[in-house]
Number of protein chains: 2
Amino acid sequence: MESEAVAPRASAGPDAVYLFCDGACRGNPGPMGIGVLLRYGRAEKLIAEPIGRGTSNVAELSAIERGLREIRRRDLPVVIVSDSSYAIGVLSGRLRAHANVDLVRRVAELIAGFKDIRFRRVRGHAGMPENEEVDRLAVRAAAEGFRCDDLRSLPIPGVPEP
Amino acid sequence: MESEAVAPRASAGPDAVYLFCDGACRGNPGPMGIGVLLRYGRAEKLIAEPIGRGTSNVAELSAIERGLREIRRRDLPVVIVSDSSYAIGVLSGRLRAHANVDLVRRVAELIAGFKDIRFRRVRGHAGMPENEEVDRLAVRAAAEGFRCDDLRSLPIPGVPEP
RNA sequence: AGACACCAUGUUGC
DNA sequence: GCAACATGGTGTCT
């Protein structure tokens with residue numbers, strides 16, 4: 001795995017799209033679900049979807065794929081935030097995929113269509129709010145078939161919500 | 001590798017130094033840590049150290065090296081207790097080292113300076129208390145940069161601790 | 001093909 | 001906190 005140094009790392013800039021994603025299954029293999037949070041400026045989009053039966057690693061890869069397909073502006077820098085060392089490893093070429101070859105290649109080609117994609121590994125259940133949120137979405141999608149595709153606006157500090 | 005029969009085996013005698021050691025990484029390769037427990041009579045010494053980035057096998061070899069360097073009395077019999085079939089193999093000459101050649105030679109020369117060194121292979125995570133302890137030390141050293149170098153006295157059965 | 005080790009993730013149970 | 005299972009990877013040797 002290997003965590004990147006997080007603190008000293010420059011952010012991808014104000015125009016970057018942040019893609020937080022997580023996959024879950026009930027049992028492994030088992031019914032899978034994905035959770036995605038896309039953030040661009042003050043706008044957020046939440047996606048939850050059950051995606052059939054498969055393995056935990058397939059769920060993690062599928063969450064990344066689903067999130068990337070949501071991004072139209074392929075010229076914008078994208079930061080993929082995932083807790084799956086496996087998914088980041090096989091997509092960044094650090095690990096070689098022996099299983100899930102088709103899925104890995106499909107997502108890799110998707111990635112190749114973007115101008116600037118970076119990966120950011122985070123520890124699962126380490127308190128990062130966005131990671132916790134997509135984890136809950138993925139778990140609900142896998143367990144209850146929960147599905148959503150909602151826009152949302154970030155609160156502005158000091159400005160009361162309507 | 002086959003496990004040696006543990007129960008019927010003669011111990012190395014009352015004056016032997018027991019060197020329990022383990023290496024760990026966070027990811028492989030990744031940040032490494034070592035854990036060492038030296039026992040001589042009723043005295044124990046615990047060592048934990050992060051040792052930079054490398055592979056699991058390098059960590060295992062380094063734990064042995066670090067433990068051996070702690071032993072002054074090279075005339076005493078030493079029992080190296082490790083769960084690494086690789087480390088014991090390359091150091092005992094049963095396996096041939098193609099990688100990590102410098103490190104292997106360095107530790108082998110260290111070993112050659114002792115009068116009586118034996119290896120004892122134990123299964124990892126099989127419940128042996130000393131192995132579990134050095135495993136935890138190594139993992140903490142790799143994960144959190146934990147470091148220690150402490151003396152400790154074994155409890156005497158029937159005698160309450162202070 | 002096998003062995004040992006080191007991990008990551010996903011679950012299940014208490 | 002403690003068990004256990006599965007899916008996937010590397011480091012190393014035979």
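The sequence lines fix the lettering, A, B, ..., with proteins before strands; numbering per chain opens at 1. Treat the numbers as computed from the prediction; the structure is a model and nothing was measured.
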Report yes if at least one side-chain N or O of T55(A) is closer than 4.0 Å to OP1 or OP2 of G10(C); otherwise report no. no
Roughly, in whole Å, what's the span from CZ in R120(B) to P in C4(C)? 18 Å
Picking from G10(C), dG9(D), dT12(D), the nucleotide nearest the side-chain atoms of A99(B) would be dT12(D)
Of the listed nucleotides (C7(C), A5(C), G10(C)), which one gets closest to any side-chain atom of A24(B)? C7(C)
Just wondering, are more than 12 heavy atoms of other shown residues or ligands nearer than 6.0 Å to CZ in R96(A)? no
By nearest atom, which of the nucleotides A8(C), dT14(D), C7(C) is closest to the V139(B) side chain? C7(C)
Would a distance-only check, ignoring hydrogens and angles, find a side-chain to backbone donor-acceptor pair under 3.5 Å from E132(B) to G127(B)? yes
Rounded to whole Å, the CZ-P distance (F119(A) to U9(C)) equals 16 Å
Of the candidate nucleotides dG11(D), dA6(D), dG9(D), which contains the atom at the shortest distance from the side chain of H98(A)? dG9(D)
Using only heavy-atom distances, determine whether the side chains of S56(B) and N28(B) contain a donor-acceptor pair under 3.5 Å. yes
Whole-Å distance between G10(C) P and L61(A) CG? 13 Å
Base of U11(C), side chain of N28(A) - is there a donor-acceptor contact under 3.5 Å? no
Base, sugar-phosphate alone, or nothing: which one does G89(B) contact when heavy atoms must sit under 4.0 Å apart? nothing
Of dG8(D), dG11(D), A8(C), the nucleotide closest to the side chain of S85(A) is A8(C)
Would one find more than 12 heavy atoms of other residues, nucleotides or ligands at under 6.0 Å from atom CZ of R26(A)? no
Which whole-number value in Å describes the distance from M32(B) CE to C7(C) C1'? 14 Å
Just compare A8(C), G10(C), dG8(D) and give me whichever is closest to any side-chain atom of R121(A). A8(C)
Hey, does the side chain of N57(A) come within less than 4.0 Å of dG9(D)'s phosphate (OP1/OP2), counting only N and O? no
In whole angstroms, how far is the C1' atom of A3(C) from the CD1 atom of I88(B)? 13 Å
Applying a 4.0 Å non-hydrogen cut-off, can you work out what A97(A) is touching in the nucleic acid: base, sugar-phosphate, or nothing? sugar-phosphate
Does H125(A) have a side-chain nitrogen or oxygen under 4.0 Å from the phosphate oxygens OP1 or OP2 of U11(C)? no
Under 4.0 Å between a side-chain nitrogen and a carboxylate oxygen: does that hold for K45(A) and D149(A)? yes
Crowded around R42(A) CZ? As in, over 12 foreign heavy atoms under 6.0 Å? yes
Reckon V58(B) touches a base, only the sugar-phosphate, or nothing at all at heavy-atom distances under 4.0 Å? sugar-phosphate
Of the candidate nucleotides dT14(D), dT10(D), C6(C), which contains the atom at the shortest distance from the side chain of C25(B)? C6(C)
Residue S56(A), side-chain atoms from C-beta onward, closest of C6(C), U9(C), A8(C): U9(C)
Could you work out which one of dG11(D), G10(C), dC13(D) sits closest to the side chain of D83(A)? G10(C)
Assign G23(A) to base, sugar-phosphate, or nothing according to its heavy-atom contacts below 4.0 angstrom with the strands shown. sugar-phosphate
Can a salt bridge be assigned to the pair E133(B) and R152(B) using a cut-off of 4.0 Å between side-chain N and carboxylate O? yes
OP1 or OP2 of C4(C) under 4.0 Å from side-chain N/O of R123(B): yes
Rounding to a whole Å, what distance do you find between R140(A):CZ and G10(C):P? 18 Å
Nearest-angstrom distance from the residue atom CG of L95(A) to P of A8(C): 13 Å
Using a 4.0 Å heavy-atom cut-off, does G54(B) contact any base of the nucleic acid, only the sugar-phosphate backbone, or nothing at all? nothing
Using atom CG of L91(B) as one end and atom P of dC13(D) as the other, report the distance to the nearest whole Å. 12 Å
